[in-house]
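In what follows, a single structure is set out as structure tokens and then discussed.
It should be emphasised that the depicted structure is a prediction, and the values quoted were computed from it without experimental measurement.
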Amino acid sequence: MSRADALRRLAAYEGRWLISLGWWAARRRIGVAPGERTLGYAGAQAAFVYGLTFVSVVETVVVGVLLTNRPTAHAVMLVCDLYTVLMLLGYQAAAVTRPHVLGAETLWLRDGARRDIRIPLERIAAVRHDLRFVREPATKDGKDGDAVVELMVGGQTSVTVELSEPVVAVRLLGRRETVRTVRFHADDARGAVAALRAQVAEVADMAEVAALRARVTTEAGPEPA
């Protein structure tokens with residue numbers, strides 16, 4: 001990827017978390033259609049983010065006092081510190097306003113404003129509650145070489161989804177990965193697993209009914225003129 005493409009993607013990322021601040025203030029969710037279920041994940045990182053934001057605010061005040069007699073340095077540091085506070089709040093806002101979404105046919109997994117993965121429910125082979133505290137992100141599945149994607153929150157994942165057919169996931173800077181296993185976090189992991197299993201079963205039942213109707217139609221032959 002060229003440097004220009006990387007810069008464009010980073011600029012788009014900045015725009016997404018900035019927009020998320022407005023949606024957060026309005027208490028609204030991005031990309032959630034009526035009837036779809038949201039699977040929130042922001043709770044696991046909230047205490048850390050708010051604590052870090054508080055420390056940044058205190059630092060802003062202290063640095064401002066220390067640089068009172070240096071207006072240029074004071075102005076530069078003030079802009080940097082305020083942007084840091086805004087970025088931290090945007091990080092949390094993106095996680096709150098962009099939850100995972102379970103639709104009628106698709107599971108849409110999101111990592112704040114950084115990346116997202118759309119998984120057709122018909123490709124999901126297994127779902128399980130699987131609490132893991134991740135030290136290093138997984139990169140490859142030892143069986144067939146496909147990537148294992150981990151959407152961590154607070155250094156942990158709690159749901160594992162295994163796929164019968166791979167999907168393609170795109171990282172923040174554009175790197176594409178062929179994925180057969182996805183691990184993500186949900187604040188209510190067991191509830192997310194139950195809801196996902198039920199929706200996957202419903203999609204499978206609908207597919208069976210459609211296949212049965214198609215077979216009956218084929219065996220019956222064309223209607224007489």
Side-chain angles (χ1 to χ4, degrees), residues 9 12-46 49 89-132 134 137 147-154 156-172 176-207:
R9 286 183 171 274
Y13 165 67
E14 294 276 321
R16 287 193 295 272
W17 68 252
L18 283 170
I19 290 172
S20 296
L21 285 167
W23 284 73
W24 192 27
R27 297 180 178 275
R28 299 178 62 187
R29 301 292 183 266
I30 299 172
V32 182
E36 294 183 328
R37 175 166 179 162
T38 60
L39 308 175
Y41 55 86
Q45 68 182 31
V49 174
L89 292 176
Y91 179 78
Q92 180 67 9
V96 172
T97 60
R98 299 170 185 269
H100 306 312
V101 180
L102 177 57
E105 298 180 349
T106 305
L107 173 63
W108 185 10
L109 299 176
R110 300 192 276 190
D111 185 12
R114 291 182 296 278
R115 64 186 304 196
D116 60 89
I117 305 172
R118 293 180 184 268
I119 303 175
L121 296 182
E122 62 186 15
R123 298 190 184 186
I124 295 179
V127 183
R128 64 180 181 274
H129 178 251
D130 184 17
L131 182 60
R132 293 170 178 250
V134 183
V148 178
V149 170
E150 293 173 324
L151 304 181
M152 298 176 289
V153 180
Q156 66 180 344
T157 62
S158 53
V159 180
T160 295
V161 176
E162 296 179 354
L163 308 179
S164 58
E165 298 179 39
V167 297
V168 175
V170 182
R171 289 186 176 272
L172 176 60
R176 300 171 68 86
E177 298 174 309
T178 302
V179 179
R180 276 191 180 272
T181 301
V182 180
R183 300 181 185 128
F184 66 94
H185 177 70
D187 292 334
D188 179 13
R190 296 187 186 278
V193 169
L196 187 50
R197 284 176 176 172
Q199 193 62 35
V200 169
E202 183 176 339
V203 169
D205 290 342
M206 292 175 62

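Minimum heavy-atom separation, R180 to P166: NH2-CD, 3.5 Å. Residue A44 comes nearest to D187 through the heavy atom pair N-OD1, 3.5 Å, listed as atom of the first residue, atom of the second, then distance. The two atoms that bring A186 and S158 nearest to each other are N-OG, 3.2 Å, heavy atoms only.
Counted within 6.0 Å of CZ on R197, heavy atoms from surrounding residues, nucleotides or ligands total more than 12; the atom is thus considered enclosed.
Note that CG of L121 and CG of L196 are 6.5 Å apart. Values are rounded to the nearest 0.5 Å. Taken to the nearest 0.5 Å, the CD1 atom of I30 stands 7.0 Å off from the CD1 atom of I19. Going from atom CD1 of I124 over to atom CD of Q199 covers 9.5 Å, rounded to the nearest 0.5 Å. One finds the CZ atom of F184 at 10.5 Å from the CD1 atom of I117 (value rounded to the nearest 0.5 Å). Here the CE-OG1 distance, from M152 to T157, works out to 8.5 Å after rounding to the nearest 0.5 Å. A distance of 4.5 Å separates CG of L109 from CD1 of I119, quoted to the nearest 0.5 Å.
In this structure the side chain of L131 reaches within 4.5 angstrom of the side chain of Q156, judged on heavy atoms.
Evaluation of the salt bridge (charged side-chain N to carboxylate O under 4.0 Å, His left out) rule for R132 yields D130 as partners, not counting sequence neighbours. The side chain to side chain contact (heavy atoms under 4.5 Å, CB included) test applied to E165 returns R123, not counting sequence neighbours. Residues forming a side chain to side chain contact (heavy atoms under 4.5 Å, CB included) with V168 (at least two apart in sequence, or on another chain): R176. Applying the salt bridge (charged side-chain N to carboxylate O under 4.0 Å, His left out) test to D116 and every residue at least two apart in sequence or in another chain returns nothing.
The side chain to side chain donor-acceptor pair (under 3.5 Å) pairs that include a residue from residues 23-38 number zero, where partners must be two or more places apart or lie in different chains.
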Could you pull out all donor-acceptor pairs under 3.5 Å where a side-chain atom in residues 91-107 meets a protein atom, sequence neighbours excluded?
unit_1, atom_1, unit_2, atom_2, d
Q92, OE1, Q45, NE2, 2.9
T97, OG1, A93, O, 2.8
R98, NE, S20, OG, 3.2
R98, NH2, R16, O, 3.4
H100, ND1, R110, N, 3.0
H100, ND1, R110, O, 3.4
H100, NE2, H185, O, 3.1

Is there a side-chain contact (heavy atoms from CB on, under 4.5 Å) between L172 and R115? Walk through the geometry before answering.
CA-CA 6 Å; L172 176 60; R115 64 186 304 196; 5.6 Å; no
